*Asks:* 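Dumping the structure here so I can ask a few things about it.
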Amino acid sequence: MSISKIYNPRETENKWYTHWLEQKFFRSVPDEREPYTIVIPPPNVTGVLHMGHMLNNTIQDVLVRRARMQGKNACWVPGTDHASIATEAKVVAMLKEKGIDKKDLTRDEFMGYAWEWKEKYGGIILKQLETLGASCDWDRTRFTMEEELSEAVTDTFIHLYKKGWIYRGIRMVNWDPKGKTAVSDEEVIRREINQKLYYIKYYLSPSVGGQAIANLTTSDFLIIATTRPETIMADSAICINPNDERYRHLKGRSVFIPLINRAIPIIEDEYVDIEFGTGCLKVTPAHDLNDYELGVKHNLPVIDIINDDGTLNDKALILIGEDRFAARKKIALLLEEKGHLERVEDYKSQIGFSERTDAAIEPKLSMQWFCKMDEMAKPALEYVLNGEVKLIPEKFTNTYRHWMENVKDWCISRQLWWGQRIPAWYVQGEEPVIARTREEAIEELLIISEARSKMSENEKADFRLRISESIKQDDDVVDTWFSSWLWPISVFNGFKDPDNKDINYYYPTNDLVTAPEILFFWVARMIMAGHEFRGKAPFKNVYLTGIVRDKAGRKMSKSLGNSPDPIDLIEKYGADGVRVGMLLCSPAGNDLMFDESYCEQGRNFANKVWNAFRLVKGWEVDQSLSNSNATAISWFESRFNEALLQIEENFNQYRLSEALMETYKLVWDDFCAWYLEMIKPAYQHPIDHETFTATIGFFEHILKLLHPFMPFITEDLWHDELFGARKDKDCCIVAVYPVSQSFEAVLLKDFSLVKQVVSEIRNIRNSKQISPKQALSLHVKISSDINYKDYTGIISKLANISEFTPVTDTLSGSSSFLVGRDEFFIPLADNIDVDAERERLEKEVDYLKGFLKSVDAKLSNERFVQNAKADIIDNERKKKADAEAKIRILEENLQGYK
RNA sequence: GGGAGUUUAGCUCAGCUGGUUCAGAGCAUCUGCCUUACAAGCAGAGGGUCACUGGUUCGAACCCAGUAACUCCCACCA
């Protein structure tokens, strides 16, 4: 036999993945079986696999593989997301390196480069998923920007527009000056930043009507606190609280903006917090959301001094062309020079940053497209509240509800090129028209025009000609999420062909596995779209994974450099090892503190399975031998079913890491450490046929249980001739997953006592430094009803006992122990420290007496006896009897030492 | 500022409706072993005032109230 002592994953992984592909095991087409469907959360095309994907996709693969083995028609749909901002940023950067500026390109040219880039790098992450063993139906791979999915986006836009749920308007949006696009509220990450609060003097203009105000002595100026001094040039007013006594005298007056000396009015509004800062607020409608609203209310002009790229424009009058942050520093100096800066304080406040580019968000007024959310949020909330969609863990329901009840309209336009272009068409002097194509837009315009005034055929032709020359499509694209919210429907072509076989069969899908961070971005919106377009939520369960953190609890990120490359890990520990490692440290719903040592544990486990196989593989069967392991076999059978029940339960509750741990212990402890040790024939001895067959059967069952977690090693072993000849199609991946059968509880209970006996003997050996090779004799004084005769063989073998003698009296000069009510003695005449032995017994008796006392106290407590349930009381009585019996035994034994 | 969650062994976590022999697992640690499946291993051991303070109860890791620490989400205070 020349099987390697160590499991070598590299050889097997490729081989079996290819085999699975060849056999089309991942392929799913509708049939009569019950479907089990997962759509992948499409990773960004720009992405490379990181630990978050690793976790997320391992979980999906475990679920899919298990479902497949349970006989369901398992379908895992893979794909990628075009990720407009992230991808466009990468393409722009790539072009820049080549010396090309996006500004110098036409839209088409840019898209050419972008597609080229996508073709080149877009497939990487999916290839990487293969190495981890993902059993996706690759024939179904979709991309959110491919033609059909883009059409779905356009159709959806039109549909919602017709419903009046999509509208255009000027709003204060979150502007990303780096990406030069608006981003949604959800894409803004707020961080507390150390800032400076600048106290700036605004001098009052000469008093009203030329009359000096008497009590205005020191103050020819007001002081205003701001974190953004570079925006003072955009100020439209100063606002005070009408109830603020301190500023009563300022009503109706105006001040000059420092440096540029533009006069602005002082207005009053209760919005201003008297307590904060100086109680005076500068109102900058163009650059602050609240100020904007204040401006609308008080009819103030909007002065936008910041360009799309975050530099100051000519309306600023000074510091034109400077970046906003540079301008901030410079203006502080200028103000200081001119004596306008009263003081500067350190100040902490929340600043928004773009999720995609990490640029500080600039509130900016602009014309954008919005999607109304309130109507769609209602049913989407209902699905979760009534349990049709289950969030796992449940705690997210609260957060979900809160969000859905306070949902705001969704800014869906993005000032980018990479994405689905907004299907709005403009002609000078006309309202925008929403249509799929230029032609349809023109027709639409014609109809509108026709409705206004009747046109002759000539006029029509003229009109058509005129508008087809001037008509222009909106330059913007829709938010990426505006395509991914359709994903569970669009991957099955549910928009183009709403009654097709696939969508009818696979939709709604079963489980969605994703990160809680995108519960609102994506999950909530998918539920909305699911309801709107299919009348059904898109999935039944949403498993929200934790965030992968490092050992110190920091989120794994590129910038921290604390994230291992999953592919390196797979190289090092094997895909099965990494999968196990990932799951071992991922309790459902909690973040996981990842550490490489978990992968090591996973690898060791794979190796354990490998070696168990080597052992069995090496046995020679002797047909003439009769079965000498009946007890061990029935014990393991029961134990297996007991564990399987537990595993099923864990899976039902999506406790994957517990399901894995249960399997791990079943294999390592019960199967390897106990069962195999019990039946293992002596060196170079054959095994009987019956035991061998049973063991092979157990092994197969174990491989099946392990398969969803460790697909490669299990498939590899599955095909060994040990298990008989297998056809190409007869694979572990499609083997029938076992279903738990009834088991013998009494046998399991008795056996746990037997294990204790073995452990006690080993313990005595250990403490007395007796070699395992030295056989011992065991004397047993039985008072329980366990039939130890059934177990003498097992005990003898596992504890190296040469003689098993029933006795009726305690045996002095021996090391003794108690298991249950049965007493065991190992004669060790010259190796016994009598004092120590006596002491040990006394200690045990003391402990038992204490224990008995507490039980007695309970039982003599009337209220306990009155209130507690009968079985609890019974149990206490049993404990009492048990303790009393043990004390009697031990005390009897102690006689021998007196 | 509002809300949610967490706090159990050195680490990561179980502990389901309060009640099986003084609270469990895996890893790590310690001790002894290279015993022909596996040192990526075997056998054994140690390790916890269940964050803190009260309360309810015959009985609390579990229920209630408060306190503290941490985490996350939401929010326009310059």
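Just the heavy atoms: all of them, side chains too, but no hydrogens, waters or symmetry mates, feed the values below. Below, read A as the first sequence line, B as the second, and so on, with proteins coming before strands; counting in each chain starts at 1. Because the structure is a prediction, the values reported are computed rather than measured.
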*Asks:* Please tell me which of the listed nucleotides, B:rA78, B:rG44, B:rA37, lies nearest to the side chain of A:N766?
*Replies:* B:rG44

*Asks:* Taking for each residue the nucleotide of RNA chain B with the nearest heavy atom, is it A:Q601 or A:K773 whose nucleotide lies nearer the 5' end?
*Replies:* A:Q601

*Asks:* Can a side-chain donor-acceptor contact be found between A:S236 and A:K282 if the only test is distance below 3.5 angstrom?
*Replies:* no

*Asks:* A:F864 has an atom CZ; how far is it from atom C1' of B:rG18, in whole Å?
*Replies:* 13 Å

*Asks:* Report yes if at least one side-chain N or O of A:Y271 is closer than 4.0 Å to OP1 or OP2 of B:rA78; otherwise report no.
*Replies:* no

*Asks:* Please name the nucleotide paired to B:rU71 by Watson-Crick or G-U wobble geometry with both distances under 3.5 Å, or report none.
*Replies:* B:rA4

*Asks:* With respect to the phosphate group of B:rC38, does any side-chain polar atom (N or O) of A:K5 fall under 4.0 Å of OP1 or OP2?
*Replies:* yes

*Asks:* Should A:L798 and A:R762 count as side-chain neighbours, where that means a heavy-atom distance under 4.5 Å?
*Replies:* yes

*Asks:* By nearest atom, which of the nucleotides B:rC77, B:rU20, B:rC74 is closest to the A:N875 side chain?
*Replies:* B:rU20

*Asks:* Tell me: NZ of A:K880 to P of B:rG19, nearest whole Å?
*Replies:* 23 Å

*Asks:* In whole angstrom, give me the gap between the C1' atoms of B:rA23 and B:rG32.
*Replies:* 29 Å

*Asks:* Measuring only the P atom in each nucleotide, how far is B:rG19 from B:rC64? A whole number of Å is fine.
*Replies:* 15 Å

*Asks:* Is A:C239 touching bases, backbone alone, or none of the nucleic acid, heavy atoms closer than 4.0 Å?
*Replies:* nothing

*Asks:* Less than 6.0 angstrom separating the ring centers of A:F699 and A:F671, yes or no?
*Replies:* yes

*Asks:* Counting only side-chain heavy atoms from C-beta out, which of B:rC76, B:rG19, B:rC13 sits nearest to A:A868?
*Replies:* B:rG19

*Asks:* Using atom C1' in both nucleotides, what's the gap between B:rG46 and B:rC27 to the nearest angstrom?
*Replies:* 16 Å

*Asks:* Can any side-chain N or O of A:R328 pair as donor or acceptor with the backbone N or O of A:P229 at less than 3.5 Å?
*Replies:* no

*Asks:* With rounding to the closest Å, how many angstrom separate the P atoms on B:rC11 and B:rA51?
*Replies:* 14 Å

*Asks:* Taking OP1 and OP2 of B:rG15, is either one under 4.0 Å from a side-chain nitrogen or oxygen of A:R655?
*Replies:* yes

*Asks:* Using heavy-atom distances to pick each residue's nearest nucleotide on RNA chain B, tell me which of A:A612 and A:W674 is more 5'.
*Replies:* A:A612

*Asks:* Rounded to whole angstroms, how far apart are CH2 on A:W619 and P on B:rU36?
*Replies:* 16 Å

*Asks:* Less than 4.5 Å apart, any side-chain heavy atom of A:W674 and any of A:K755?
*Replies:* yes

*Asks:* For the pair made of CG in A:L798 and P in B:rU35, what is the distance, rounded to whole Å?
*Replies:* 19 Å

*Asks:* Whole Å only: how far is the CG atom of A:L676 from the P atom of B:rG41?
*Replies:* 16 Å

*Asks:* Only one of A:H287, A:E230, A:E362 forms a side-chain hydrogen bond (donor to acceptor under 3.5 Å, both in side chains) with A:R324, so which one is it?
*Replies:* A:E362

*Asks:* Think A:K858 has a side-chain N or O under 4.0 angstrom from the OP1 or OP2 of B:rC58?
*Replies:* no

*Asks:* Check whether any side-chain nitrogen or oxygen of A:R614 sits under 4.0 Å from OP1 or OP2 of B:rA37, and answer yes or no.
*Replies:* no

*Asks:* Kindly say if A:N861 contacts the phosphate of B:rG59, meaning a side-chain N or O under 4.0 Å from OP1 or OP2.
*Replies:* no

*Asks:* With a 4.0 Å cutoff (strictly under), does any side-chain N or O of A:K395 reach OP1 or OP2 of B:rC73?
*Replies:* no

*Asks:* Counting any heavy atom closer than 4.0 Å, what does A:T284 reach on the DNA or RNA strands: base, sugar-phosphate only, or nothing?
*Replies:* nothing

*Asks:* Under 4.0 Å between any heavy atoms, over every strand shown, what does A:V865 touch: base, sugar-phosphate, or nothing? Just pick one.
*Replies:* nothing

*Asks:* Can you tell me, in whole Å, how much space there is between the C1' of B:rU6 and that of B:rU67?
*Replies:* 16 Å

*Asks:* Under 4.0 Å between a side-chain N or O of A:N867 and OP1 or OP2 of B:rC58?
*Replies:* yes

*Asks:* Out of curiosity, A:L703 CG to A:F723 CZ, how far, rounded to the nearest 0.5 Å?
*Replies:* 5.0 Å

*Asks:* Mind checking A:Y347 for me? I need base, sugar-phosphate or nothing, with any heavy atom below 4.0 Å counting as a touch.
*Replies:* sugar-phosphate

*Asks:* Which whole number of Å gives the distance between the C1' atom of B:rA60 and that of B:rU53?
*Replies:* 15 Å

*Asks:* Looking at every strand, decide which applies to A:A673 at a 4.0 Å heavy-atom threshold: base, sugar-phosphate, or nothing.
*Replies:* sugar-phosphate

*Asks:* Any idea which of B:rC42, B:rA40, B:rU12 is nearest the A:N604 side chain?
*Replies:* B:rA40

*Asks:* Got a donor-acceptor pair under 3.5 Å from the side chain of A:E600 to the base of B:rA28?
*Replies:* no

*Asks:* Look at the side chain of A:I872 and decide which nucleotide, out of B:rG19, B:rA78, B:rG44, has an atom nearest to it.
*Replies:* B:rG19

*Asks:* Atom CD of A:E405 to atom C1' of B:rA4: distance rounded to whole Å?
*Replies:* 14 Å

*Asks:* Does A:R603 qualify as a cation-pi partner of A:Y573, given the criterion of NZ or CZ under 6.0 Å from the six-membered ring centre and within 45 degrees of its axis?
*Replies:* no

*Asks:* Nearest to the side chain of A:N763 - B:rG44, B:rG41, B:rA14?
*Replies:* B:rG44

*Asks:* Taking atom types as modelled, find out whether A:N8 and A:E11 have a side-chain donor-acceptor pair closer than 3.5 angstrom.
*Replies:* yes

*Asks:* Can you tell me which nucleotide in B:rA78, B:rA75, B:rA14 comes closest to the side chain of A:K408?
*Replies:* B:rA75

*Asks:* What nucleotide, of B:rA43, B:rC77, B:rC13, holds the atom closest to the side chain of A:M593?
*Replies:* B:rC13

*Asks:* In Watson-Crick or G-U wobble terms, both distances under 3.5 Å, what is the partner of B:rC63?
*Replies:* B:rG55

*Asks:* Separation of A:E760 atom CD from B:rG44 atom C1', in whole Å?
*Replies:* 11 Å

*Asks:* Quick check on B:rC73: is either OP1 or OP2 less than 4.0 Å from any side-chain nitrogen or oxygen of A:Y400?
*Replies:* no

*Asks:* Does the distance from a Lys or Arg side-chain N to an Asp or Glu carboxylate O, for A:D871 and A:K869, drop under 4.0 Å?
*Replies:* no

*Asks:* Out of B:rA43, B:rA45, B:rU35, which nucleotide sits closest to the side chain of A:R762?
*Replies:* B:rA43

*Asks:* Does A:F613 reach a base, just sugar-phosphate, or nothing at all? Heavy atoms under 4.0 Å.
*Replies:* nothing

*Asks:* Suppose we define a pair by two distances each less than 3.5 Å, Watson-Crick or G-U wobble; what does B:rU31 pair with here?
*Replies:* B:rA43

*Asks:* Rounding to an integer number of angstrom, what distance separates B:rG18 and B:rC38 when you compare their P atoms?
*Replies:* 50 Å

*Asks:* Look through every strand shown and name the nucleotide pairing with B:rA37 as Watson-Crick or G-U wobble, where both distances are under 3.5 Å.
*Replies:* none

*Asks:* Could you tell me whether the phosphate oxygens of B:rG3, OP1 or OP2, come under 4.0 Å of any side-chain nitrogen or oxygen in A:N398?
*Replies:* no

*Asks:* Please report the distance separating the C1' of B:rC76 from the corresponding atom of B:rA14, rounded so that it comes out in whole Å.
*Replies:* 44 Å

*Asks:* Can you tell me the Watson-Crick or wobble partner of B:rA9, both distances under 3.5 angstrom?
*Replies:* none

*Asks:* Give the rounded distance in Å between these two atoms: CZ of A:R401 and P of B:rC74.
*Replies:* 17 Å

*Asks:* Classify A:Q195 by what it touches in the nucleic acid, base, sugar-phosphate, or nothing, heavy-atom distance under 4.0 Å.
*Replies:* nothing

*Asks:* Taking only N and O in the side chain of A:T399, is any of them less than 4.0 Å away from OP1 or OP2 of B:rC72?
*Replies:* no

*Asks:* Side chain of A:L281, heavy atoms from C-beta onward: which of B:rA78, B:rA37, B:rA40 has the nearest atom to it?
*Replies:* B:rA78

